[in-house]
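Just so we're clear, the structure is a prediction, and the values are computed from it rather than from any experiment.
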Amino acid sequence: MPTPRPLRLNYPVARMHDVVEDYHGTPVADPYRWLEEVTGADTQAWIAAQQRLTQAFLQAIPARECIKARLSELWNYARMSVPVKAGTRYFFTRNDGLQNQDVLYMQQGLDGEPVELLNPNDLSADGTVALVNQSHSRDGTLLAYGLSRHGSDWQEIRVRRLNAQEDDTEVLQWCKFTRLAWTHDKAGFFYSGYASPGGGPAAADQPVNRLYWHALGTPQADDRLVYERPDRPELHFNPLITDDGKYLVLHVWHGAIPQNRIYYRPIQSDAPCIRLLDEADAHYAFLGNAGRVFYLLTNLEAPHGRIIAIDLAHPGREHWQEILPPQADVIDFARLINDHLVVVFMHDAQHELKLYARSGAFVRTIALPLPGSIVGLSGRCDDPEMFVGVQSFLQPTTIMRYDFTADALTPFHQPALAFDASNYETQQVFYTSTDGTPVPMFLTHRKDLRRDGDHPTLLYGYGGFAVNLTPFFAASVLLWLEQGGIFAVANLRGGSEYGEAWHQAGMLAHKPQVFDDFIAAAEWLIQERYTRSEMLAIMGRSNGGLLVAACLLQRPDLFGAVVCGVPVTDMLRYHRFTAGRFWVPEYGNAETNPEHFRFLYAYSPLHHVTRGATYPPTLITTGESDDRVVPSHAFKFAAALQTADAGHQPILLRVDTKAGHGLGKPITKLLEEQADIYTFLLHIFHNNPENPQ
């Protein structure tokens, strides 16, 4: 007997307005523009109706409570961040398991008793105030820290005197994407921020970023403007102080692309900053200094990266010294610790750790405790030790301590899970994309998996902004594996797993290649009999939400379910909102550039929803306070899909309240979100466990 066709859901009506905009002679309709007015009464009523529909659908699935309960068990393990040393003290965050927010601790020496410094869980009843920034004075007696509310990128900066465990009275506002850099004399710190909007609400589109000096114990109104570029108001400044305390170094960035600039000035100087590297012709990462010699990692004339030394007395390029030439593998990042260059390479999207002398001479390879990713590395130029955080798809972050003198890597913190990883494995495969390029993909599944084409498979991707998808841990993935699922992660163009050329092959006019890579991964999984279309789900967030939205529209026949998280979907107007202007170098600008309009309009998901098409089951998620990818992207896309779809599968919109792009989201909200996502997927694939374990 055939399976009965599901009844079409009664979607909230989304009015279609007669809005048409001219782009270089091409009229483009935008019927749901009214949904950009997120706080408007009509939009709020529509969101509320969507929420009622989505929650009614998900709450009616019997397995949801079992799924949430198992997710809670998997999430309930003690974890900590990579310790950072300041003076004789070590600072780290820790979570006992299901605390909404990680708690900041301080410990005297390696064997000291951890002392709680700051518990964000005490700052809000619902856990939506998060610690998102911290900087310690050189001796570890002062802490500058940033708090985010409701997932916003905006931060509120405060200062705590650690010996007295008291906050100073000053509160710094109008900061986002900033670092806090203390001078060694503890007189204050440098930070970047925006001018106060004059007593009104913070302007999300505030265009001009400036570098300020904050003197300890003084109001923000007295902060001194240190540096700005009136001729280049789009530039942003992230400050740091060299380990010897002699120089202020600025990482100067524009947009979300790797190319940047490096400025500096002596700490004792009040002169304007010196523009050491001002061409924005490559990526430059300051690693440390030995006196007036700066060490930097760059991909200038080296797509896989190289390390150079610049003598400030002779900064011309003809005087640069190449310390570590390009290698076969890409350098992901590096540090100058214990007067050694600590270099993290990527070999086919997996990390390897090597030590070099400051001269560039190879010292040794440090064998990691598991194949996977280095997700944290701390230490100063004169420290005899460093801390390394390592994780994989099956193992959460393990903290290791490396003793340079003894050449010994020993565990500092090993988490324990309510999960037996010995029954599962991760393998790396390579498939061929549309242009003949081999693309790597990680597959994690049971060791006894039979390739019979009948396994629920979740394919995850990102593909942009030079972001690398090295192995990462997510507790929710373990639930998927327990249900016989396969978790696949494709290393698409747009990332930089193979250097800057890999990134550029998936940006601007080449963006469609990223979608081709992802579709080719899906086809390979089916061809190799891991799964079939009806059992294949795709998932992505942010730029990855754009990815899955575009692939959903290009190949609706290929996927059995889609999870589209905090997506960018309107490629013609994205740059008009909040952080969108930072992405123009990656995506392009359809309004100002006719050629950019041509390729953006050719794939923009919002503009390729086809009336009368049949789309697979789709769950679109967003946060009402998202000030990075504004929720109107998700609203307009959901309205367009629901209106156009001729099928009977659910197309749902999930809007998280008091939540943003994901920054600082409390565990309670994460559990609810992940329970909804995996309930949706397992229900669609008819795999509804009564007691998942």
Side-chain angles (χ1 to χ4, degrees), residues 251 253-262 277 279-287 295-308 317 320 322-335 341-354 356 360 362 365 371-375 377 428-442 461-472 489-514 516-518 520-521 543-544 547 583 585-587:
H251 174 97
W253 54 278
H254 170 215
I257 58 172
Q259 291 78 11
N260 66 292
R261 307 159 194 256
I262 298 290
L277 299 163
E279 299 299 321
D281 52 359
H283 174 62
Y284 299 93
F286 177 81
L287 306 181
Y295 293 85
L296 300 108
L297 169 64
T298 182
N299 58 12
L300 180 69
E301 301 174 353
H304 283 197
R306 60 179 176 142
I307 294 176
I308 61 172
R317 294 193 179 195
W320 291 5
E322 186 172 76
I323 301 298
L324 182 62
Q327 307 291 301
D329 289 327
V330 173
I331 300 176
D332 195 6
F333 58 96
R335 302 284 188 272
L341 293 168
V342 181
V343 184
V344 178
F345 289 93
M346 277 189 298
H347 179 75
D348 290 332
Q350 298 181 79
H351 281 152
E352 296 180 348
L353 183 61
K354 298 183 180 181
Y356 295 83
F362 175 74
T365 296
S373 302
I374 294 175
V375 294
L377 187 65
Q428 187 177 50
V429 299
F430 290 81
Y431 65 91
T432 303
S433 190
T434 52
D435 62 350
T437 299
V439 179
M441 178 164 56
F442 294 106
Y462 188 81
F465 297 97
V467 172
N468 305 313
L469 287 187
T470 56
F472 59 88
V489 176
N491 297 108
L492 314 170
R493 254 82 62 96
S496 60
E497 287 88 345
Y498 294 102
E500 179 59 14
W502 195 255
H503 168 222
Q504 293 184 12
M507 62 184 287
L508 294 171
H510 302 296
K511 188 67 176 178
Q513 185 62 62
V514 182
D516 289 347
D517 286 357
F518 201 55
N543 173 75
L547 166 72
W583 316 330
E586 178 83 9
Y587 292 144

Might you point out which heavy atoms bring Tyr431 and Pro440 nearest each other, and give the distance in Å? CE2-O, 4.3 Å
Contact between Phe362 and Lys354 at the side-chain level, heavy atoms closer than 4.5 Å - yes or no? yes
I need the Leu287 CG to Leu296 CG distance, nearest 0.5 Å. 6.0 Å
Note: Asp348 and Gln428 closest approach over all heavy atoms is O-NE2, 2.6 Å
Check: Asn299 main-chain N/O paired with His283 side-chain donor or acceptor under 3.5 Å: no
Less than 4.5 Å apart, side chain to side chain, heavy atoms only: is that true for Tyr356 and Ile323? no
Decide yes or no on side chain to side chain donor-acceptor pair (under 3.5 Å) for Tyr498 and Asn491, but give the supporting numbers first. CA-CA 10 Å; Tyr498 294 102; Asn491 297 108; over 6 Å; no
Does the side chain of Arg306 come within less than 4.5 Å of Pro325's, by heavy atoms? no
Side chains of His347 and Gln350: is there a donor and an acceptor less than 3.5 Å apart? no
Can you tell me if His304 uses its side chain to pair, donor with acceptor, with the backbone of Gln327 under 3.5 Å? yes
Straight-line distance of His251 NE2 to Asn260 CG, nearest 0.5 Å: 4.0 Å
Closest contact, heavy atoms only, Pro258 versus Ala466: CG-CB, 3.8 Å
Can you tell me how far CD of Glu500 sits from CG of Leu300, rounded to the nearest 0.5 angstrom? 11.5 Å
Rounded to the nearest 0.5 Å, what separation is found between the CZ atom of Phe430 and the CE atom of Met441? 10.5 Å
Only counting residues at least two apart or in another chain, list the ones meeting ring-ring contact (aromatic ring centres under 6.0 Å, His included) with Tyr295. none
Atom of Ala334, atom of Val343 and distance for their closest heavy-atom approach: CB-CA, 4.1 Å
Quick check against the 3.5 Å criterion: does Asp517 have a side-chain atom that pairs as donor or acceptor with the backbone of Ser433? no
Any side-chain heavy-atom pair of Ile374 and Asp332 under 4.5 Å: no
side-chain hydrogen bond (donor to acceptor under 3.5 Å, both in side chains) partner of His503, chosen from Glu586, His510, Glu497, Arg493: Glu586
Under 6.0 Å between ring centres: does that hold for Phe518 and Tyr462? no
Kindly compute the distance separating CD1 (Ile262) from OH (Tyr284), expressed to the nearest 0.5 Å. 9.0 Å
Of all the heavy-atom pairs spanning Trp320 and Leu277, show the shortest one and how long it is. CZ2-CD2, 3.4 Å
Partner residues of Arg261 under the salt bridge (Lys or Arg N to Asp or Glu O under 4.0 Å) criterion, sequence neighbours left out: Asp278
Straight-line distance of Thr298 OG1 to Asp281 CG, nearest 0.5 Å: 7.0 Å
Heavy-atom check, side chain of Trp583 versus side chain of Asn543, under 4.5 Å: no
Do Leu469 and Phe442 make a side-chain contact, defined as non-hydrogen atoms from C-beta onward lying under 4.5 Å apart? no
Any side-chain heavy-atom pair from Glu301 and Glu322 closer than 4.5 angstrom? no
Any chance the side chains of Thr470 and Asn468 put a donor and an acceptor closer than 3.5 Å? no
Side-chain donor or acceptor of Trp502 paired with backbone N/O of Leu492 under 3.5 Å: yes
